[in-house]
Protein chains: 2
Amino acid sequence: MDVAVAAGVSQATVARCFNTPEVVAASTRKRIEAAAEQLGYVPNAIARSLKSQSTNIVGAVVPAVGEYWQNVVTCFSRCLTASGRQLLLFSFLDQADVDDTLEAVAQYRLDGLILASATIAEAQLARMRQTGLSLVAFNHPDAAGIVPSVTVDNEAGSAELARHLADLGCARVLYVGGVAAASTDRARFRGAARTLASAGATCNYMEAGAFTYEAGYRAADRIGQLDRLPDAVMVGGDEVAFGMLDGLRQHGITAPDDLLMTGFDGLPQASWAGYDLTTLVQPAEQLAEHAAELAAKGLDAPSNVVPPSVVVAGTLRRGRTTRRDDEPPAPPQSRRGRGCEPQSRASR
Amino acid sequence: MDVAVAAGVSQATVARCFNTPEVVAASTRKRIEAAAEQLGYVPNAIARSLKSQSTNIVGAVVPAVGEYWQNVVTCFSRCLTASGRQLLLFSFLDQADVDDTLEAVAQYRLDGLILASATIAEAQLARMRQTGLSLVAFNHPDAAGIVPSVTVDNEAGSAELARHLADLGCARVLYVGGVAAASTDRARFRGAARTLASAGATCNYMEAGAFTYEAGYRAADRIGQLDRLPDAVMVGGDEVAFGMLDGLRQHGITAPDDLLMTGFDGLPQASWAGYDLTTLVQPAEQLAEHAAELAAKGLDAPSNVVPPSVVVAGTLRRGRTTRRDDEPPAPPQSRRGRGCEPQSRASR
DNA sequence: CGATTCTATGTATACGTATTCATCCTTGCA
DNA sequence: TGCAAGGATGAATACGTATACATAGAATCG
């Protein structure tokens, strides 16, 4: 290394100077630092990774679409950066691309991989776990037990929303799910149905077809054609709920006047004055933190032990869409500090 | 390498088998592939990078906040993945973190780096260019000439919006910018002011303070207190415009009834029925493609030549917020295929 | 049939770092 | 002064790959 010769020391000493500065003499250190500064030297993480067998990079496979995921990705990035790691992002549009993606991922020896797709087959999860790569399923409840997983408590959260509606006197509730095959969707419906049943209310299911605004908008047409509106509509995701609110308005149906409505996720827009949606806020930062930690820790245990799974409770946000009286709406709250604890910030 | 011994060949032949399969005998190749399959071998990209001095990874430094950037990041990821590259994401919340981030970036020998922050000091850009890292400024017009840059045509786009308003008979226009110091903001205001002036209309400037919903919401208060409303409000970003629409509504002011409104960016939500905003749609996929290409190509030229800069035109989207008559609103359009050409998809 | 070209493969090396082991010099103590 | 102990540094090696070079066998051609 040219820094070494410039400072008149060996390459080993230069390496020590950057990793364990306390073992190198102050005078030498100063000389090395001067030479490094002057030559614009910066350690090569690639070479380090090759030697140390650890890249300090965590991958994340995330659907390319939807506000929810975009929000989560930002949280991942923040968490990882804060602990000195990097985020390698794989954003897929088509489920079929995931396989190619995962193959490409394997080439980079990532420290961990976060799988943020609720629809990855469980068989594939089991297979991937064999590779030794430490992976974490994010918001994929059914993956718990197969791979380490981190999810919000979908069932309890949905139950809380349902309880809220029951308290407001709703007797006929319609649950509009995104994709019935998604395990999150099933868990949320389960929580709602169970709670409403025990409160003596009914809870039918309708599938929007996707977790998107458009799907919600279209589903609103079907609701607009019903003979009798339900007392409330529980929507399986905020973005779908936004579409539904806008779609219903085309039919002259508004919340909370004609029916109540709840969402799920707690997107920033839910607190925008234009929607002001009652929803279950996912603690995205917390979830991301857990996922990042689990991914980085690696899974030393053999594959016969049950992997750890983390379930975090969300919090209810009461918005105008379930407000019967005419309180003035709250001013929009900043979306920065929401649950984003300062945290130690192990820089460098 | 154990695959080599398992197949009874040398490591070099294994490497050839994966890089230039045509030069290795069919029989040998088959034996190697079988051994690799059986041992679960997958080439190590880290080692490859060390040897080839090229990581196939492109970094992106992006603000953590705002729908706009989240959309752009997704485009980056798609473009890079399509050309077999990976995206290393750095999402910063505080401008001050960028320096730390860039330092961390330097350790990984990225093939390129996309700087997507309109407020990075130009001096720092010049300094970074010295490091030999091939960087690209994204939507930072002032960076053109210092480093390669890719931007939408802010000035022309804003001029197009202004022309649209002038055609509708607006004589008094208020331009609400996000951050006056941002070069995009200045360019957009310039385009608006120039066009309106030549049409005999006035164009005052107001700063919202940030490119966020909340900033727009608060700025609406100031507008609500004006003695006389402007004919139209041109907002420097869609998200700010959403906040302004919602904020004005609190004051009983709606678009297009009391004033017209335009945004800028063309976020997915602009076409949501709840807002249906007239805006200038940025061709995000195109921009991302150009940025990815420029970043990967590297800058072989010495630092005295003027780096290439790409400027792409946006397209006007006419929404309800500038619609004087009462046409029925168009149904929401899917947000998938918007400008996302199929493209060759050089997999693997 | 010998000389030559071509094809398939092995050998050796370099990429830039972390780390072990050995070495040398300094310091403390008897 | 002699010796042990410790502190600072150098030499050597390994991480897994790509590739230039060498080599051996096969094939072509006169």
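Naming: A, B, ... by sequence-line order, numbering from 1 per chain. The figures here come from the full heavy-atom set of this structure, side chains too, leaving out hydrogens, waters and symmetry mates.
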In whole angstrom, give the distance that lies between atom CG of A:N19 and atom C1' of C:dT19.
10 Å
Let's see if you get this right: which residues in residues 43-52 of chain B place a heavy atom under 4.0 Å from DNA chain C?
B:L50, B:K51
Tell me: CG of B:N56 to P of D:dT17, nearest whole Å?
16 Å
With distance as the sole criterion, do the side chain of B:R109 and the base of C:dG16 form a donor-acceptor contact below 3.5 Å?
no
With a cut-off of less than 4.0 Å, is there a side-chain N or O of B:T13 near OP1 or OP2 of C:dT9?
no
Gap between atoms CZ and P, on B:F18 and D:dT17 respectively (whole Å)
9 Å
Does the separation of the ring centres of A:Y41 and A:F18 fall below 6.0 angstrom?
yes
Donor-acceptor under 3.5 Å (B:S91 side chain, A:S77 main chain):
no
Taking the side chain as every heavy atom from C-beta outward, state whether B:R78 and A:L93 have any pair of such atoms under 4.5 Å apart.
yes
Between the base of C:dA18 and the side chain of A:Q11, is there a donor and acceptor pair under 3.5 angstrom?
yes
Between A:N71 and A:Q282, do the side chains contain a donor N or O and an acceptor N or O under 3.5 Å apart?
no
Side chain of A:R16 - closest among D:dA18, D:dG10, D:dA20
D:dG10
Presence of A:Y108 side-chain N/O under 4.0 Å of D:dG16 phosphate oxygens OP1/OP2:
no
Rounded distance (nearest 0.5 Å) linking atom CG of A:L133 with atom CG of A:L102
9.5 Å
Taking C-beta and beyond as the side chain, do B:F76 and A:L89 meet within less than 4.5 Å on heavy atoms?
no
Quick test of your reading: applying salt bridge (Lys or Arg N to Asp or Glu O under 4.0 Å), list the pairs with at least one residue in residues 133-148 of chain B, sequence neighbours left out, ordered by first then second residue.
B:D142-B:R186
Does B:Q53 place a side-chain N or O at less than 4.0 Å from the phosphate oxygens OP1/OP2 of C:dA14?
no
Classify the nucleic acid contact of B:A25 as base, sugar-phosphate or nothing, counting any heavy atom under 4.0 Å across all strands shown.
sugar-phosphate
Could you state the NZ-P distance from B:K30 to C:dA8, rounded to the nearest angstrom?
17 Å
